[in-house]
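Worksheet: one structure, shown below.
In what follows, every heavy atom counts, from backbone to side chain, and hydrogens, waters and symmetry copies are set aside.
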Amino acid sequence: FISDLVVILTHFRSGHQSPKTHQIKRKCDVHKLDEAPATQVVMTRDEGLQYYRVMQLMRRMELKADQLYKQKIIRGFCHLYDGQEACAVGIEAAINPTDHLITSYRAHGYTYTRGGTVKEILAELTGRRGGIAKGKGGSMHMYCKNFYGGNGIVGAQVPLGAGVALACKYQGKNELCVCLYGDGAANQGQIFETYNMAALWKLPVIFICENNRYGMGTSVERAAASTDYYKRGEFIPGLRVDGMDVLCVREATRFAADHCRSGKGPIIMELQTYRYHGHSMSDPGISYRTREEVQEVRSKSDPISNLKDRMLSNNMASVEELKEIDVDVRKEIEDAAQFATTDPEPPLEELCNHIFSNNPEVAVRGTNPWSKLKSVS
């Protein structure tokens, strides 16, 4: 009996540890491509647990931000990312830390995957000294190494991302830039101008449209004559991807990254995803869509539940292990929230610091021509 038990346990543990092949449920649609991303993909247990933890951390962080905003501890603009976690986690799993990323104002999740901490992100939201932009950027303006924000102007990050990609090509380090924007920005002229330049110069840039079905309160069907955002480049190849499946996003991004690194120029990805909150915290999110619609997406397509079911059904983790992760995540979020509500605000004399990265001290005009403030790099 004991020898049989040892064999069973050994088999169970090896089953937990060995990589598993997974079937992607929704194949990517392609535009101007002869091949498509793989539909049979491999994920190890460690990868699965890491993806699960990061997505849970993002979800809990955004729910905590919602709570702090309603308590009026967070003020101003605040755009939450819950529901779209598979996009950020899948993209980050397929690129290198030395690659570059720029996104819109819905930036909290990417700030974390690019190397920021929950403490720094929540403290930035509450305007504290320990925030990732020292309390002076807020929700839309967070930065870290190889991450260029957080940009408040709709669509403006797209030409900036192409500029970063031009630098990648110029420096010749085999790096690329991931340039994200939403379906609401996809109709802007500056995006098409950028497509043209990127294609002419064969820039290593992945243009990613996170299509969460609504630009503010307007559905994509009411805003766009064509909702095939992955075909919008016309002369640039494109992919339409299930943005609620972290493995599908990962494989599509790997495919796109290989395309860019091989010198073929830009590629477009459309990630079909969904946000659970409204456009921002000032939008209840149910005046232009029904509660039933949101609930249906939660019940059928939630990225965290989908990954959890995949891991449990493939014997890659136990319910208890995933519950332990949930408990650890909750504690990390609570500790970060405690820091974000007790850390001091930045003092007034630091208001103008860090305008330049490495300049000598400069004088900055204050509220009138006669008052001067100092800026230290």
Side-chain angles (χ1 to χ4, degrees), residues 46-62 64-65 78-82 84-152 157 160-161 163-165 167-168 171 173-180 204-206 208 210 246 249-250 253-254 257 260 303 325 328-329 331-333 335-337 339-340 343 346 354 357-358 377:
D46 287 346
E47 285 172 342
L49 291 174
Q50 175 68 5
Y51 302 159
Y52 179 81
R53 188 181 196 284
V54 175
M55 287 201 289
Q56 278 286 31
L57 204 66
M58 278 188 199
R59 177 72 56 87
R60 292 283 166 190
M61 179 174 72
E62 297 295 62
K64 178 56 71 172
C78 187
H79 304 83
L80 301 182
Y81 198 68
D82 50 321
Q84 301 183 210
E85 296 90 353
C87 299
V89 175
I91 290 167
E92 194 64 47
I95 62 173
N96 303 323
T98 51
D99 289 323
H100 308 264
L101 192 143
I102 187 166
T103 190
S104 69
Y105 38 75
R106 204 176 301 280
H108 308 161
Y110 289 102
T111 308
Y112 182 77
T113 59
R114 288 269 86 190
T117 66
V118 181
K119 270 187 179 181
E120 289 173 325
I121 294 165
L122 288 182
E124 189 58 40
L125 289 172
T126 57
R128 306 305 172 107
R129 201 171 185 171
I132 199 157
K134 304 187 185 301
K136 296 184 285 187
S139 172
M140 300 192 292
H141 304 289
M142 300 185 183
Y143 312 91
C144 48
K145 189 171 176 60
N146 298 330
F147 175 58
Y148 306 86
N151 291 267
Q157 71 277 10
L160 297 180
V164 174
C168 292
Q171 293 173 354
K173 295 179 183 176
N174 201 28
E175 296 169 357
L176 57 82
C177 182
V178 174
C179 183
L180 295 122
V205 55
I206 308 174
I208 300 184
E210 288 184 289
V246 68
V249 176
R250 186 191 72 178
T253 308
R254 279 180 180 167
C260 288
I325 291 174
D328 288 344
V329 163
K331 184 179 187 309
E332 184 171 344
I333 298 298
D335 290 347
F339 174 77
D343 193 49
H354 311 110
S357 65
N358 55 0
S377 297

Exercise. Taking the side chain as C-beta and beyond, is there a heavy-atom pair between Y110 and S104 under 4.5 Å?
Worked result: no
Exercise. Looking only at atom types and distance, does a side-chain atom of E124 sit under 3.5 Å from a main-chain N or O of G135, one as donor and one as acceptor?
Worked result: yes
Exercise. Is the backbone N or O of P346 less than 3.5 Å from a side-chain atom of R128, with the two atoms forming a donor-acceptor pair by type?
Worked result: no
For this session: For residues E332 and V118, report the shortest heavy-atom separation together with the two atoms involved.
Result: OE2-CG2, 3.8 Å
Exercise. Can any side-chain N or O of D343 pair as donor or acceptor with the backbone N or O of A340 at less than 3.5 Å?
Worked result: no
Problem set entry | SB check R250 E47 (cutoff 4.0 Å) | yes
Problem set entry | Close side-chain approach of L80 and H108, heavy atoms under 4.5 Å | yes
Exercise. Within a strict 4.5 Å, meaning less than it, do heavy atoms of the V54 and T113 side chains meet?
Worked result: yes
For this session: For residues Y52 and V246, determine if any side-chain heavy atom of one lies less than 4.5 Å from a side-chain heavy atom of the other.
Result: no
For this session: Sort out for me which residue in V164, D99, V205 forms a side chain to side chain contact (heavy atoms under 4.5 Å, CB included) with L176.
Result: D99
Exercise. Hey, what do you get for SG (C260) to CD1 (I206), rounding to the nearest 0.5 Å?
Worked result: 4.5 Å
Problem set entry | N/O donor-acceptor pair under 3.5 Å between N358 side chain and S377 backbone | no
Problem set entry | CD on E210 to CD1 on I91, rounded to 0.5 Å | 6.0 Å
For this session: Decide whether S139 and H79 meet the rule of one side-chain donor and one side-chain acceptor closer than 3.5 Å.
Result: no
Exercise. Between L122 and F339, is a side chain to side chain contact (heavy atoms under 4.5 Å, CB included) present by the stated rule, with each step listed?
Worked result: CA-CA 8 Å; L122 288 182; F339 174 77; over 6 Å; no
Exercise. Do N146 and L101 come close enough that some side-chain heavy atom pair is under 4.5 Å?
Worked result: no
For this session: Answer yes or no: is there a donor N or O on one side and an acceptor on the other, between the side chain of Q84 and the main chain of Y81, under 3.5 Å?
Result: no
Exercise. Is there a donor-acceptor contact under 3.5 Å from the side chain of N151 to the main chain of Y105?
Worked result: no
Seminar exercise, completed: Note: C177 and G161 closest approach over all heavy atoms is SG-O, 3.5 Å
Problem set entry | Flag if over 12 foreign heavy atoms under 6.0 Å of NZ, K136 | yes
Problem set entry | Validation row: L125, M142 side chains within 4.5 angstrom (heavy atoms) | yes
For this session: Indicate the atoms forming the closest heavy-atom contact of I132 with Y143, along with that distance.
Result: CG1-O, 3.4 Å
For this session: Carefully, step by step, assess Y148 and H100 under the rule side chain to side chain contact (heavy atoms under 4.5 Å, CB included).
Result: CA-CA 8 Å; Y148 306 86; H100 308 264; 2.7 Å; yes
Problem set entry | Side chain to side chain, E62 and E85, heavy atoms closer than 4.5 Å | no
Problem set entry | Taking every non-hydrogen atom, the tightest pair across I333 and L57 | CD1-O, 3.8 Å
For this session: Indicate the atoms forming the closest heavy-atom contact of N96 with R114, along with that distance.
Result: O-NH2, 3.3 Å
For this session: Count the heavy atoms of every other residue, nucleotide or ligand shown that sit under 6.0 Å from NZ of K64, and state whether that count exceeds 12.
Result: yes
Problem set entry | 4.5 Å side-chain heavy-atom contact, L49 and R53 | no
Exercise. Between T111 and G116, is there a donor-acceptor pair closer than 3.5 Å when you use the side chain of the first and the backbone of the second?
Worked result: no
